[in-house]
Number of protein chains: 2
Amino acid sequence: MNHSPMPTLLDVARKAGVSRSTASNAFSRPDVVRAEVREKVAKAALELGYLGPDPKAKLLRHGKVNAIGIVPPGEWGVADSLKNPVYHQFLSGVAEVCDEVGANLVIIPDRITNGGVGTALVDGFIFGRIEHLRDTEPARLRRLPFVVMDADAGPDISSVRVDARMGGYLAARHLVELGHRKFGIMSFLRGFGPTRYHPPGVPRGPEAAGMETDQEKLRGYAEALSEAGLDIADVPIVQAQPWDRDAARMMLDMAPEATAILSMAVMQGIAVLDEARRRGHSVPRDLSVVGFNEIPEAAKSTPSLTTVDGKAAEKGRMAARIIFDAGPIRRELLLPRLIVRSSTAPPSKG
Amino acid sequence: MNHSPMPTLLDVARKAGVSRSTASNAFSRPDVVRAEVREKVAKAALELGYLGPDPKAKLLRHGKVNAIGIVPPGEWGVADSLKNPVYHQFLSGVAEVCDEVGANLVIIPDRITNGGVGTALVDGFIFGRIEHLRDTEPARLRRLPFVVMDADAGPDISSVRVDARMGGYLAARHLVELGHRKFGIMSFLRGFGPTRYHPPGVPRGPEAAGMETDQEKLRGYAEALSEAGLDIADVPIVQAQPWDRDAARMMLDMAPEATAILSMAVMQGIAVLDEARRRGHSVPRDLSVVGFNEIPEAAKSTPSLTTVDGKAAEKGRMAARIIFDAGPIRRELLLPRLIVRSSTAPPSKG
DNA sequence: CAAAAATTTTGGATCGATCCAATATTTTCT
DNA sequence: AGAAAATATTGGATCGATCCAAAATTTTTG
């Protein structure tokens with residue numbers, strides 16, 4: 001193993017018999033150096049095993065890292081987020097744009113203690129679902145551009161989100177139009193709380209859903225229901241983590257007379273499909289199910305799942321572009337789309 | 001918006017009435033500064049909105065980035081890799097260790113042209129499946145530690161892989177022991193070639209599988225078959241991309257009399273399951289299927305898929321630890337494990 | 001209370017490059 | 001060929017911190 005110190009630009013310059021500046025130019029602004037000299041420098045570099053200007057030093061001079069930092073949703077660790085198929089979809093969107101511009105993608109664990117947003121070497125941040133705007137403070141102080149996902153953070157902060165209210169509305173209206181009148185809702189928990197059941201007859205406040213965007217979905221459900229003369233307060237709600245495998249069971253136990261289930265998650269929607277089959281119910285004859293967000297699994301489940309396309313990949317692409325374009329503040333609101341598949345049909349009973 | 005220049009350590013030092021060095025120590029070696037002075041500096045920093053030493057400058061001085069670079073498999077782009085569930089598993093393993101040590105995870109597009117391995121700001125690299133060892137050259141020249149996945153790269157380079165030959169052997173032996181004698185193999189392509197069919201009766205060279213690790217699987221298959229007095233040259237092989245949705249169809253078309261299919265990919269295994277059902281065959285009565293690699297989908301498919309656990313997450317954890325431990329070269333060989341589920345049974349015909 | 005020992009603080013050099021104004025060289029023009 | 005214009009090259013200053021040996025201060029000891 002060669003343990004001589006790493007060659008620097010100065011070494012190359014000396015070996016090629018030119019000044020540091022010329023050597024620097026040969027690499028970073030080749031057009032300004034005579035071809036002949038440029039080659040001499042290239043040859044010297046090759047012989048010394050010099051790979052080009054040290055990115056660390058380059059960085060210090062003009063601060064462009066060529067990387068984008070992703071902060072996964074606050075409530076989950078990095079590993080958990082990567083496992084979530086919807087988040088994954090979003091990441092692919094970001095990665096696509098990074099690929100285009102040749103930038104790196106840095107995944108930043110949310111630990112405040114050591115490093116994190118305060119010290120990560122990136123040109124900007126994409127915050128996935130934040131609990132408090134305060135989490136973005138280090139980014140602001142570092143004067144790095146950032147985008148907040150799934151929430152409107154006011155006129156001074158860029159944000160990308162999907163119209164969740166509209167998504168919820170589309171999902172519920174679809175079921176209402178098919179003739180359903182008895183519903184069950186699978187909602188999200190905020191943070192790490194235990195799975196929770198909300199019986200009918202109680203008004204639905206913000207505590208019946210997780211983050212802001214989930215409350216919007218609930219609002220959308222309520223709106224479509226109310227257009228049909230129904231009150232969401234009469235719909236039983238199960239609130240669980242997206243990966244909770246018992247939630248589907250609880251849902252069907254608690255709402256045995258429901259003919260349609262509205263799920264705020266795709267995976268929970270698919271879980272309901274599985275649980276219904278396990279109980280010998282036929283979907284969509286005995287039960288209709290609509291999920292939220294589109295992932296490949298939705299099309300491949302049996303039956304395939306009717307779901308709302310939450311445009312996760314598109315959100316990722318858009319967020320990345322906002323960072324790389326370095327333009328003014330942008331607040332984007334994407335429109336969701338209902339994808340009707342085989343898990344919904346008119347109710348047979350009732 | 002505040003557009004005054006970013007405050008530096010010097011500004012803080014001046015405001016606190018101490019020297020640069022003392023201010024620096026107050027942040028980076030607090031034990032060496034008197035508590036009283038330390039607080040004075042902290043107060044000055046707070047008032048100026050100074051967040052602590054600029055990571056960019058810190059970096060230049062002593063070069064520790066606190067991040068690990070991941071180079072996705074050469075033949076796919078970043079976005080494609082992230083979509084691959086097995087790669088995803090591997091990434092989760094890496095992320096887990098990064099979480100532990102509070103490091104960032106940098107995903108590096110494989111474009112050689114601009115940046116990439118030559119300039120990424122990381123402390124080390126994990127190369128996923130490389131075509132040529134030459135791709136790791138920039139890492140070596142930068143004297144950064146790196147690990148090569150899924151291939152043994154000799155005694156001077158750290159590597160982590162699973163014993164693919166053993167995995168193949170376990171899969172094929174399982175089927176042989178169940179009594180199968182007629183097989184079909186779904187293999188991988190190297191790079192971007194078109195889907196390819198290898199008829200029986202031709203000797204199987206390395207061109208019948210993709211990367212080194214896939215050739216090992218093939219060798220394992222051959223070994224178990226030969227123990228049962230069978231020649232792999234008589235087994236039809238379909239070579240396709242892991243995401244090719246037509247490969248399963250071709251496989252069943254080309255090997256209609258096969259009672260068992262050996263797939264080098266999980267997803268292709270599941271695709272065969274689907275295709276078989278579509279044709280009205282019953283798995284495992286009419287056809288047995290074994291996949292390679294374990295992902296959640298394998299347990300959830302109908303019927304659940306017998307597969308070889310390729311220890312993807314474990315590989316990720318191990319590779320990350322090798323980088324962070326900064327120890328000597330390590331060459332790890334993990335043992336695969338056969339997970340028997342419901343997609344395999346003795347053949348009914350034949 | 002002065003001298004010795006221990007603890008804090010300090011300025012200069014450094015990390016490896018880029019930028020800029022000044023200088024040197026080559027090319028173009030009359 | 002000599003002057004003017006265009007093009008290349010150069011050394012000094014700089015980016016924002018850390019390291020280190022020397023100087024200043026505080027604490028301990030005889």
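Computed from a predicted model, the values in this text were never measured in an experiment. The sequence lines fix the lettering, A, B, ..., with proteins before strands; numbering per chain opens at 1.
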Exercise. Got a second to check how far B:L105's CG is from B:C98's SG, nearest 0.5 Å?
Worked result: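 Interatomic distance, B:L105 CG to B:C98 SG, rounded to 0.5 Å: 4.0 Å.
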Rounded to whole Å, how long is the line connecting atom [atom1] of [X] with atom [atom2] of [N]?
| X | N | atom1 | atom2 | result |
| --- | --- | --- | --- | --- |
| A:E36 | C:dT25 | CD | C1' | 12 Å |
| A:D31 | D:dT9 | CG | P | 12 Å |
| A:L121 | D:dG16 | CG | C1' | 13 Å |
| A:K56 | D:dG16 | NZ | P | 19 Å |
| A:F27 | C:dT18 | CZ | C1' | 14 Å |
| B:K58 | D:dG16 | NZ | C1' | 12 Å |
| B:H62 | C:dG16 | NE2 | C1' | 15 Å |
| A:L59 | D:dG16 | CG | P | 12 Å |

Is [X] reaching over with its side chain to a backbone N or O of [Y], donor-acceptor style, under 3.5 angstrom?
| X | Y | result |
| --- | --- | --- |
| A:D123 | A:F324 | no |
| B:R331 | B:I157 | no |
| B:T136 | B:A139 | no |

Exercise. Are side-chain heavy atoms of B:F146 and B:V117 found at a separation under 4.5 Å?
Worked result: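 No. Closest side-chain heavy atoms not under 4.5 Å.
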Exercise. Any side-chain heavy atom of A:M211 sitting closer than 4.5 Å to one from A:D150?
Worked result: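 No, their side chains stay 4.5 Å or more apart.
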Exercise. Looking at A:S19, does any N or O in its side chain come under 4.0 Å of the phosphate oxygens OP1/OP2 on D:dT9?
Worked result: no
Exercise. Is the phosphate of C:dG16, meaning OP1 or OP2, less than 4.0 Å from a side-chain N or O of A:Y50?
Worked result: no
Go through [options] for me and flag the one nearest to the [X] side chain.
| X | options | value |
| --- | --- | --- |
| B:V37 | D:dC19, D:dT9, C:dT9 | C:dT9 |
| A:R61 | C:dT9, D:dG11, D:dA13 | D:dA13 |
| A:A57 | C:dT10, C:dA17, D:dT9 | C:dA17 |

For this session: Report the residue (B:V18 or B:L60) whose heavy-atom-nearest nucleotide on DNA chain C is the more 5′ of the two.
Result: B:V18
For this session: Between B:R34 and A:L10, name the one whose nearest nucleotide on DNA chain C is closer to the 5' end.
Result: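 Its nearest nucleotide being more 5', the pick is B:R34.
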Exercise. Are A:E314 and A:R317 ion-paired here, with the side-chain N under 4.0 Å from a carboxylate O?
Worked result: yes
For this session: Please state whether the base of C:dT10 and the side chain of B:R20 form at least one donor-acceptor pair under 3.5 Å?
Result: no
Exercise. What about A:S21, does its side chain sit under 3.5 Å from the base of D:dG11 through a donor-acceptor pair?
Worked result: yes
For this session: Could you tell me, to 10°, how much the axis swings from one end of the helix from C:dC1-D:dG30 to C:dT30-D:dA1 to the other, five pairs per end?
Result: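 Here the helix ends are tilted 30° relative to one another.
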